[in-house]
Amino acid sequence: MAKYLLLKHYRGAPAPANDVPMEQWTPEEISAHVQYMRDFADRLVKTGEYVDGQALAPEGTWVRYDGEGRPPVTDGPFAETKDLIAGWMVIDVDSYERALELAGELSAAPGAGGKPIHEWLELRPFYAASPTDPECHPGG
Amino acid sequence: MDEALLRSLTPSVLTVLVRRGADFAAAEDAVQDALVEAVRVWPADPPRDAKGWLVTVAWRKFLDATRSDASRRRREDHVEEEPAPGPAPAVDDTLQLYFLCAHPSLTPSSAVALTLRAVGGLTTRQIAQAYLVPEATMAQRISRAKRTVSGVRFDQPGDVATVLRVLYLVFNEGYSGDVDLAAEAIRLTRQLVAAIDHPEVAGLLALMLLHHARRASRTASDGSLVPLAEQDRTRWDTAAIAEGVRILQSALARDRLGEFQAQAAIAALHADAPTAEETDWVQIVEWYDELARLTDSPVVRLNRAVAVGEADGPRAGLAALAAIEDSLPRRTAAAAYLHERAGDVSTAAGLYAEAAHKAPDLAERDYLTRQAARLNARLRN
């Protein structure tokens, strides 16, 4: 089993095929979308492939160390072009192919008109030190 | 094994040990050890006097730990100076534990964690679950809190207002895992009402009961938020509402109004209305005026503006809203609501979308997005 991170983006990903902002959907379409994602997560819980999922607020701040006693530097309110992560789901699956399959399925959540939104999701494998990997144990 | 009994005995056993001179952190460890022992021994050999048994075992555990401690002599001297354990004093022991846990030197989150542990008798694991943090993290937070109050003596007077604030924080944390923090807060506040005669304590209990009574109807089966006006009132817990109203009335009769009583009065007016349309908004506005006089918080002024919108019409509500700073959370949502009621659908749709963007949690964001979607659908037709 290997863990993968599925990243949803507010901005920064290529535009989805069915690109209509959510507040322009009908309330029923929103409910169907939310229900699809909930069912998806429930199913992964049952197959033992679900690890974690969280949604993130759109507002974030860039921070860095800027010397003793000096305030951190932030990018202020002008974040329009910044890549913004909307949320994540962590899955634990047998293969890369399975991870791709699930990401595709999540991307097919219904949107405006009840049609899949074809949202781009970012799929990132977790680094994991294998206990059998000799390179991780120099001298061991 | 009666877990509720153990939990209810924990604070008074802890207080006895601290009274006898045990340091708070050491006393807490000893009580936890005694509880573990009780879980092991009681099923086969139940004690006649559960509290007495726990005190005896905990004190022995404390002495054992102290003897093996390098600072034995110092502690023994300390115990020597203490008054001998005698009959219980007139004040309720648990009350002082409340004051200790709500000590001003603690951060609010530490005070909440320590209260749940020491007064509520919850395990570190249960508290960690309720806060969705790892158990080790919560254990560190609690032991840091214990160290902070370890030098504080029980004879210092505590501030009731601080205790009430901590209990209200517990209540508002909601629940997850196997502990419902709202129910736990109600249980603890009931204890406090029994221990201390103060109309604001009663006011807080009434407020919690009135909010809690409506909780089941606040979310739909799919987890989405249901606003007050659309809630199924047959699902409200009428017994809890009746109890809350009764407690509130006797508190108000004492004529020492405080913040919690005023909030409870508003909650009672909502709970009393057979339908949303029959809500007595005029009286609610009057209570918000009282509340504003007591606290002058912008949140109160925001809620008051919404109430004014119901009592005197949406234009009056928007006028009241104008005086409130833009950055206040939920102000945009309130403005959207009032604009819709005033018939300005397209402004309302835009404000709902903006409010959704700023929403503090997912359920609220989804709710506001749906409101925007509903109005946009109306504008298209």
Side-chain angles (χ1 to χ4, degrees), chain A residues 8-12 16 18-43 45 50-61 74 76-82 84-90 106 109-115 117 119, chain B residues 128-129 131-134 137 176-177 219-227 230 325-333 335-337 339-340 345-381:
Chain A
K8 283 172 81 77
H9 293 255
Y10 281 111
R11 291 193 293 268
N18 185 5
D19 190 13
V20 180
M22 217 166 177
E23 68 265 17
Q24 297 295 338
W25 303 3
T26 67
E28 296 72 33
E29 286 161 1
I30 294 173
S31 296
H33 178 80
V34 170
Q35 191 60 45
Y36 182 96
M37 297 202 297
R38 192 172 289 140
D39 292 346
F40 178 79
D42 286 350
R43 220 170 54 244
V45 169
Y50 180 84
V51 178
D52 187 25
Q54 294 287 328
L56 293 176
E59 302 300 340
T61 306
T74 77
F78 32 81
E80 277 77 18
T81 59
K82 191 170 66 181
L84 268 184
I85 293 162
W88 74 76
M89 185 183 283
V90 178
L106 184 58
K115 298 187 187 65
I117 49 176
E119 175 183 27
Chain B
Q129 271 178 4
Y131 280 85
L132 301 175
V133 299
T137 303
S176 73
T219 44
S221 54
D222 65 355
S224 61
L225 280 185
V226 183
E230 287 162 32
E325 53 269 44
D326 278 338
S327 59
L328 188 73
R330 299 198 172 94
R331 184 192 186 279
T332 310
Y337 174 76
H339 275 288
E340 183 189 351
V345 176
S346 76
T347 304
L351 286 170
Y352 271 128
E354 190 189 328
H357 189 75
K358 296 192 243 174
D361 68 60
L362 203 54
E364 198 168 319
R365 190 188 74 185
D366 287 349
Y367 171 77
L368 293 166
T369 306
R370 274 196 184 85
Q371 297 300 308
R374 178 177 56 80
L375 296 186
N376 282 321
R378 229 168 89 187
L379 286 167
R380 281 196 297 270
N381 293 330

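Convention: sequence-line order gives letters A, B, ...; per-chain numbering from 1.
- Chain A is approached within less than 4.5 Å, heavy atom to heavy atom, by A353(B), H357(B), L362(B) from residues 353-364 of chain B, ordered by number.
- Comparing R370(B), R380(B), R374(B) by how many heavy-atom pairs each has under 4.5 Å with chain A, the most go to R370(B).
- Side-chain contact between D366(B) and V34(A) is present, with heavy atoms from C-beta onward closer than 4.5 Å.
- Heavy atoms closer than 4.5 Å to chain B are found nowhere in E28(A), neither backbone nor side chain.
- Between the OG1 atom of T369(B) and the NE2 atom of H33(A) there is a distance of 10.5 Å, given to the nearest 0.5 Å.
- Among all heavy-atom pairs drawn from A373(B) and T26(A), the shortest one is CB-C, 4.2 Å.
- Using a 4.5 Å cut-off between heavy atoms, A57(A) makes no contact with chain B at all.
- Residue R365(B) comes nearest to Y10(A) through the heavy atom pair NH1-OH, 2.7 Å, listed as atom of the first residue, atom of the second, then distance.
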